[in-house]
2 protein chains.
Amino acid sequence: MQAGREFLMKETDLDNGHGTVKERILKEALYLFSERGFEGTSLQSIADAVGIQKPSLIYHFPSKEDLRRHVLESLVAYWKNELPRILTPADSSSDRLVSTMTSLINFFVEDLNRARLVVRELLDRPEETFALLSEQFSPWTRLIGDYLRMGQQSGLYRKDVAPELFIVQVLVMVIGTVAIGGATSGLVSTESYTPRGLLIKELVRIVQASLYSEQP
Amino acid sequence: MQAGREFLMKETDLDNGHGTVKERILKEALYLFSERGFEGTSLQSIADAVGIQKPSLIYHFPSKEDLRRHVLESLVAYWKNELPRILTPADSSSDRLVSTMTSLINFFVEDLNRARLVVRELLDRPEETFALLSEQFSPWTRLIGDYLRMGQQSGLYRKDVAPELFIVQVLVMVIGTVAIGGATSGLVSTESYTPRGLLIKELVRIVQASLYSEQP
DNA sequence: TATAATGACTACCATTTGGTAGACAATAAT
DNA sequence: ATTATTGTCTACCAAATGGTAGTCATTATA
């Protein structure tokens, strides 16, 4: 069966409706990695999802490992951009800690795959992910930690909060809730997943109750 | 290179130091599944870890899927036994809710692979795991929910706690902290994992602060 | 217009995967 | 003592995997 090879569409860097091939690969890879895990996802399945052949995929990302890094990088890049904006004292209307958490929640809820991917990375490559978080974000979390300590001295926050540990716990709770909260709700429901909104509402309540001092 | 096949040890059901072959397989499978994931673990690697050949492994567990189910079953079985004991009003000395959470934490801290495996299952097979939790544990969590509501009426617990959602969140926090807390602590440390004990201490603080009413 | 670079393809390939077939030794049952 | 069962092994196998080689059309560059 000789090929024929009649037309061979070629995609330039210009966006023609669905984005660059490279972007589409990253999108499908994020989805499949987060849904089935890195090891559980074949390059073939990604190529199929994008609608190209495997070697075309490998042309854009020379190895599976390379693709993984780029997928992860896109998440990191987002936060390296966003964090300065969020933590800049632009509006002092609401608590900066809570607004940061809100941004965090929104980011992960907007696309659940992000949370799932992060959790998988933390499980699959703990040391590597530890190092990445440390390098990319520890300055920012130190800032938040200081902010938290100030709030403690001013009496806004509880004195028994352990700032650094609290920050870690909040992240664990947020990505945990988004990534596995739905399925975990099988504990209390026989019908279907508890709406994520409700879970997050309770999460926010827990965080606030364990953070703020009681003002009588 | 002809085999030789000089001795062929055979293991009976009797324990000869390291447990039955079947038990050793389950142990290594739990470890490898939780560390590398189901898809990331080959039957060969499990057989190597146990010190047998692959077909011997398949003799005991006819398929990889079958092995997975048995590994999971051993965790479920433990809690089906333990929960009645814990929730029985034996000692009313300490809060039953907190003592249950303590048992939960101890179980997962005792062997970190347990928490990692549960998280992986929740990610890899959300619907299936939802159903399993629902079938096996929802009666028990309903009991805890009622207990929580009683405590609310007596004024012990905060009125704004949403019992069912709170229970789900506590489980998410506990297994989240044990499974990914260490690596997540890269956010605030450049050196090494934050000791799990500290993370858990803050976790317990958060839970208690968000559960108990302030008694002035 | 000729030439180089890009991006897609077909056809492979070595390795690993989950799993099977069948031989064989040790133990248990008759 | 003979037979059946159990558990382990060696030797395979088809399918899938990550990746390579090389072809060819389109686009950009000279």
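Proteins get letters first, then strands, A, B, ... in listed order; numbering begins at 1 in each.
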Taking the side chain of [X] as its heavy atoms from C-beta onward, which of [options] lies nearest to it?
X: B/I58; options: D/dG19, D/dC9, C/dG19; result: C/dG19
X: B/Q53; options: C/dC9, D/dG18, D/dT10; result: D/dT10
X: B/K64; options: C/dG18, D/dG19, D/dA11; result: C/dG18
X: B/Y59; options: D/dG7, C/dC9, D/dA11; result: D/dG7

Pair up each side-chain donor or acceptor in residues 112-119 of chain A with any protein partner under 3.5 Å, not counting sequence neighbours, and list the distances.
from, atom 1, to, atom 2, distance (Å)
A/N113, OD1, A/S34, OG, 3.1
A/N113, ND2, A/D111, OD1, 3.0
A/R114, NH1, A/F107, O, 2.8
A/R114, NH1, A/E110, OE2, 3.4
A/R116, NH1, A/E35, OE1, 3.3

Separation of [N] [atom2] from [X] [atom1] (nearest whole Å):
X: A/K54; N: C/dG7; atom1: NZ; atom2: C1'; value: 18 Å
X: B/K22; N: D/dT8; atom1: NZ; atom2: C1'; value: 15 Å
X: B/D66; N: C/dG19; atom1: CG; atom2: C1'; value: 13 Å
X: A/E65; N: D/dT17; atom1: CD; atom2: P; value: 18 Å
X: A/F61; N: C/dG7; atom1: CZ; atom2: P; value: 12 Å
X: A/I52; N: C/dT10; atom1: CD1; atom2: C1'; value: 15 Å
X: B/L57; N: D/dT10; atom1: CG; atom2: P; value: 15 Å

Open item on the list: Donor-acceptor pair, distance only, cut-off 3.5 Å: does the side chain of B/T184 make one with the backbone of A/V172?
Closed with: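 Side chain of B/T184 to backbone of A/V172, a donor-acceptor pair under 3.5 Å: no, none is there.
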Open item on the list: Let's see if you get this right: which residues in residues 35-44 of chain A place a heavy atom under 4.0 Å from DNA chain C?
Closed with: none
- [ ] Inspect the contact between A/K27 and A/E23 and indicate whether a charged nitrogen and a carboxylate oxygen are less than 4.0 angstrom apart.
- [x] no
Might you point out which heavy atoms bring [X] and [Y] nearest each other, and give the distance in Å?
X: A/Y147; Y: A/L97; result: CE2-N, 3.9 Å
X: B/S189; Y: A/S134; result: O-OG, 3.0 Å
X: A/L133; Y: B/A183; result: CD1-O, 3.8 Å

Task: Under 4.0 angstrom between A/H60 side-chain N/O and C/dA8 OP1 or OP2 - done: yes
Open item on the list: Can you see if the side chain of A/S56 gets near the phosphate of C/dC9 - specifically, an N or O under 4.0 Å from OP1 or OP2?
Closed with: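 For A/S56, the contact criterion (side-chain N or O under 4.0 Å from OP1 or OP2 of C/dC9) is met.
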TODO: From the options A/L104, A/L199, A/V109, select the one residue that forms a side chain to side chain contact (heavy atoms under 4.5 Å, CB included) with A/V178.
DONE: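 Single side chain to side chain contact (heavy atoms under 4.5 Å, CB included) partner of A/V178 among A/L104, A/L199, A/V109: A/V109.
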